[in-house]
There are 2 protein chains.
Amino acid sequence: MGRDNPIRVLVVDDHPIVRDGLRSTIELETDMGVVGEAADGAQAIELFETLCPDVTLLDLQMPHVDGLQALTGIRKVKPDARVVVFTSYPGDVRVTQALTLGATSYLLKSASREEIIDAIRSASFGHQVIASEISDELAAHQGMAVLTVRELGILRLVKEGMSNRLIAESLFISDETVKTHMKSILVKLGASDRTHAVTIAQRRGFIDS
Amino acid sequence: MGRDNPIRVLVVDDHPIVRDGLRSTIELETDMGVVGEAADGAQAIELFETLCPDVTLLDLQMPHVDGLQALTGIRKVKPDARVVVFTSYPGDVRVTQALTLGATSYLLKSASREEIIDAIRSASFGHQVIASEISDELAAHQGMAVLTVRELGILRLVKEGMSNRLIAESLFISDETVKTHMKSILVKLGASDRTHAVTIAQRRGFIDS
DNA sequence: ATTGCAATCACCCTTCTGGGGGATATTGCA
DNA sequence: TGCAATATCCCCCAGAAGGGTGATTGCAAT
């Protein structure tokens, strides 16, 4: 089993040093090469269109257009694009989102050179690679309730220290409604209070930390 | 103004890819070279002792022994060691801690290759380089009250969703005392409630996010 | 010695939160 | 079309949180 041509890789990360590291690691292999680098999601989609790489290495945490948006954009251009997500986020929610959006693999920034190379090579064949820490976390949270858009919006305001009444006013709804949503959030996350809910939501990747 | 010998750099970061990136960027320069790589704080101190590098590039976010502990250890070996902190943490508190512990410079992971090279070269002469985002944040929080060890301990329990009474029991103090500490925390951080306090403390680097 | 700060505890009072119900649209998808 | 999920609103109530004020102890720096 082999490939005729070198695997053409597009590297997407907002940190120049990380791009350098990926480039130098990839260029050491004989069967792959970096054909482009993007520093944000918009640039990633643009470069994907012009370069049409075999595999895209994509960070999720980026300014302006983030990785999930980039992934959506890339998949719209080429629905069977091979995209390896490479990020520091361990939260199960983001992983699920990325995989649902069609990510081929999911690696952590702490991955070794070999793991990264292997994931790129596997992705070029369409094989999936999920870091073990990731699949453990996915398994641990599988079947758990998902927060609704409304609940997420409310939780973000809670995180900024807003009371139920202030949240109600800013969303133009009754404070009783906010309380209902809060109860639902606490139950879904298994949190003991609103602070705990924010902490858990951050860990699981429901909201930014 | 110049140096006779190449600048000997020690690279410390738990992500292999970041170490690769730093190495490849540094090796492109004629007046500096990487003499060692460490993946955690303990290894960093060890390698510093055996290699005695001119400049150490140090990430703060590492497992086991973190960057601040490594910085302390390195300074104990050689009090005038040049250490460039290179991290994603923007919180003013960690920056202040690092500078107090004797860090020469403070860069963000988003820094360009040129900024990193320049900071290493400057550090080798003992010159300080602080990223502008960092100095802005330092200025914005200068003169602000600092949380005590007790307050930090309590805030970490608050983050995990513990009530004042539970915190009191786990610390073997009165819940009235916890309430007193909480009031102090809210005032010092300018927070509207305990959730907000945790959020602000995370942003400023008082506690981990 | 005296000052200052951290940590501890106490009391009062108001507001907010969270847990328990129940009810009625609306919406999206099968 | 009909069901399930979602969003909305309402009531009651006990307990927790937060704001104000004051006081004691111990330690460390001046």
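Each chain gets a letter, A, B and so on, in the order the sequences are listed, and its residues count up from 1.
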The bend of the helix from C:dA1-D:dT30 to C:dA30-D:dT1, taken between the axes of its five terminal pairs at each end and rounded to 10°, is 60°
Counting just side-chain N and O atoms, does [X] come under 4.0 Å of either OP1 or OP2 of [N]?
X	N	answer
A:Thr148	D:dA5	no
B:Asn164	D:dA17	yes
B:Thr177	C:dC9	yes
A:Arg150	D:dT8	yes

Closest-nucleotide ordering on DNA chain D, the 5'-leading residue of A:Ser174 and A:Lys188:
A:Lys188
Of the non-hydrogen atoms in B:Leu99 and B:Gln128, which two are nearest, and what is the gap between them?
CD2-NE2, 4.1 Å
What string of B, S and - do you get for nucleotides 25-30 of chain D, 5' to 3', if B is base contact, S is sugar-phosphate-only contact and - is no contact with any protein heavy atom under 4.0 Å?
------
One thing to verify: whether A:Arg19 and A:Asp59 come together as a salt bridge, which I'm taking to mean a side-chain N less than 4.0 angstrom from a carboxylate O.
no
Given 3.5 Å as the limit, does a donor-acceptor pair link the side chain of B:Glu160 with the main chain of B:Leu157, or not?
no
Hey, is the main chain of B:Val83 close enough, under 3.5 Å, to the side chain of B:Arg75 for a donor-acceptor pair?
no
Nucleotide N/O of nucleotides 20-27 of chain C paired with protein N/O under 3.5 Å:
unit_1: C:dG20; atom_1: O6; unit_2: A:Lys183; atom_2: NZ; d: 2.4

Run through B:Ser124, B:Ser122, B:Ser105 and flag the one making a side-chain contact (heavy atoms from CB on, under 4.5 Å) with B:Val84.
B:Ser105
